[in-house]
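I have placed the structure first, in the form of structure tokens, so that the comments after it can refer back to it.
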Amino acid sequence: MAQIIDGKRISAEIRAEIKEQTEAFKAKRGYAPGLAVIIVGEDPASQVYVRNKKRACDEVGFYSESYELPAETTQDELLSLIDRLNADENIHGIICQLPLPRHLDETAVLLKIKPEKDVDAFHPYNVGKIMIGDYNFLPCTPAGVMALIKRSGIEVAGKNCVVIGRSNIVGKPMAMLLLHANGTVTICHSKTRDIKKICAEADILVAGVGRANFVTADMVKEGAVIIDVGINRLDSGKLCGDVDFCEVEPKASYITPVPGGVGPMTITMLMQNTLTAAKIHGK
Ligand code: GUN
């Protein structure tokens with residue numbers, strides 16, 4: 001029987017710490033950390049995330065602004081909004097919810113956000129900082145995973161860590177953070193040969209492939225730590241991770257559930273990055 005890593009509880013703990021630090025920040029500086037969230041178009045999942053981000057800001061005592069722009073927004077309109085927010089002293093963090101509608105150039109948008117306000121850590125400058133291990137902002141999802149691992153008392157140093165998926169948002173930065181924690185890291189992807197065998201050698205397995213129930217019991221070593229970053233919606237409407245929880249749980253030592261594992265942590269890490277941005281660059 002695995003120990004279930006309770007992301008809701010750990011996230012609430014960290015948010016309470018951020019709230020306390022925010023109160024001290026406001027008392028000292030006389031203003032609140034400020035986050036601007038931009039969403040373009042009507043993707044329902046993105047709308048839920050944006051609403052949750054606003055709610056989290058209220059909960060920890062941040063100032064926040066939400067920009068819900070129509071799907072027809074032009075590149076110039078979006079870039080000039082970012083320009084304005086870059087110059088706004090009340091705003092310390094800016095995020096533009098991805099994915100963007102197809103006519104918009106995602107790279108140009110990410111490049112436009114000032115690196116010191118890039119609380120998603122998606123700007124190539126911040127990506128590079130993560131690569132060399134000298135960073136202020138951690139990408140939110142991998143940072144959430146690391147916080148879950150650390151707060152569960154799991155040691156990473158010297159462990160075989162396998163990350164499934166090589167996305168810029170999850171897989172690549174995840175591998176880098178595990179490496180910084182002295183793990184021995186392998187990244188698997190769609191072209192990996194014998195993925196089952198590689199996964200079965202993992203002491204810590206992080207799944208971020210976006211395929212429901214991709215990780216089955218035969219891919220898991222007895223006693224492994226299993227972190228499920230996937231959020232897949234089944235035809236039935238049920239949410240399900242990348243790991244077949246029922247099959248894998250009895251073999252694991254620790255496992256994150258979906259929902260209630262990594263999910264609740266990502267917005268909390270965004271709050272952490274926004275507070276950091278305000279501490280470093282606030283006037
Ligand atoms: N879309 C999915 N995850 C994220 C995220 O962490 N940040 C932004 N901006 N968009 C996303």
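Both ligands and their constituent atoms are indexed starting at 1 by order of listing. Quick note: numbers below take in every heavy atom, side chains included, and nothing from hydrogens, waters or symmetry partners.
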Once you restrict both partners to nitrogen or oxygen, which atoms of ligand 1 have a protein partner under 3.5 Å, and how far apart are they?
| from | atom 1 | to | atom 2 | distance (Å) |
| --- | --- | --- | --- | --- |
| ligand 1 | 1 (N) | Q97 | NE2 | 3.3 |
| ligand 1 | 1 (N) | L98 | O | 2.9 |
| ligand 1 | 7 (N) | D120 | OD1 | 3.1 |
| ligand 1 | 7 (N) | D120 | OD2 | 3.2 |
| ligand 1 | 9 (N) | C96 | O | 2.9 |
| ligand 1 | 9 (N) | D120 | OD2 | 2.6 |
| ligand 1 | 10 (N) | Q97 | NE2 | 3.4 |
| ligand 1 | 10 (N) | L98 | N | 3.0 |

Quiz item: Hey, does the side chain of D118 reach the backbone of I113 with a donor-acceptor pair shorter than 3.5 angstrom?
Solution: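 Not at all, since once roles are kept as given, no pair shorter than 3.5 Å links the two residues.
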
Quiz item: Are Y49 and Q47 close enough, and set up right, to give a side-chain hydrogen bond (donor to acceptor under 3.5 Å, both in side chains), and what steps lead you there?
Solution: CA-CA 5 Å; Y49 285 132; Q47 285 174 326; over 6 Å; no

Exercise. May I ask you to test the D228-F245 pair for a side-chain heavy-atom distance under 4.5 Å?
Key: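 When only atoms from C-beta onward are counted, F245 and D228 do not touch, as no gap falls below 4.5 Å.
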
Practice problem: Apply ring-ring contact (aromatic ring centres under 6.0 Å, His included) to the pair H180 and Y135, showing each step before the final yes or no. | Solution: CA-CA 11 Å; H180 292 324; Y135 42 82; 5.7 Å; yes

Distance-only donor-acceptor pairs under 3.5 Å for side chains of residues 195-205, two or more places apart:
| from | atom 1 | to | atom 2 | distance (Å) |
| --- | --- | --- | --- | --- |
| K196 | NZ | D218 | OD2 | 3.1 |
| D203 | OD1 | K221 | NZ | 2.6 |
| D203 | OD2 | N160 | N | 2.7 |

Exercise. Among K54, R15, K53, find the one that has a salt bridge (charged side-chain N to carboxylate O under 4.0 Å, His left out) with E59.
Key: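 So the option named by the test is R15.
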
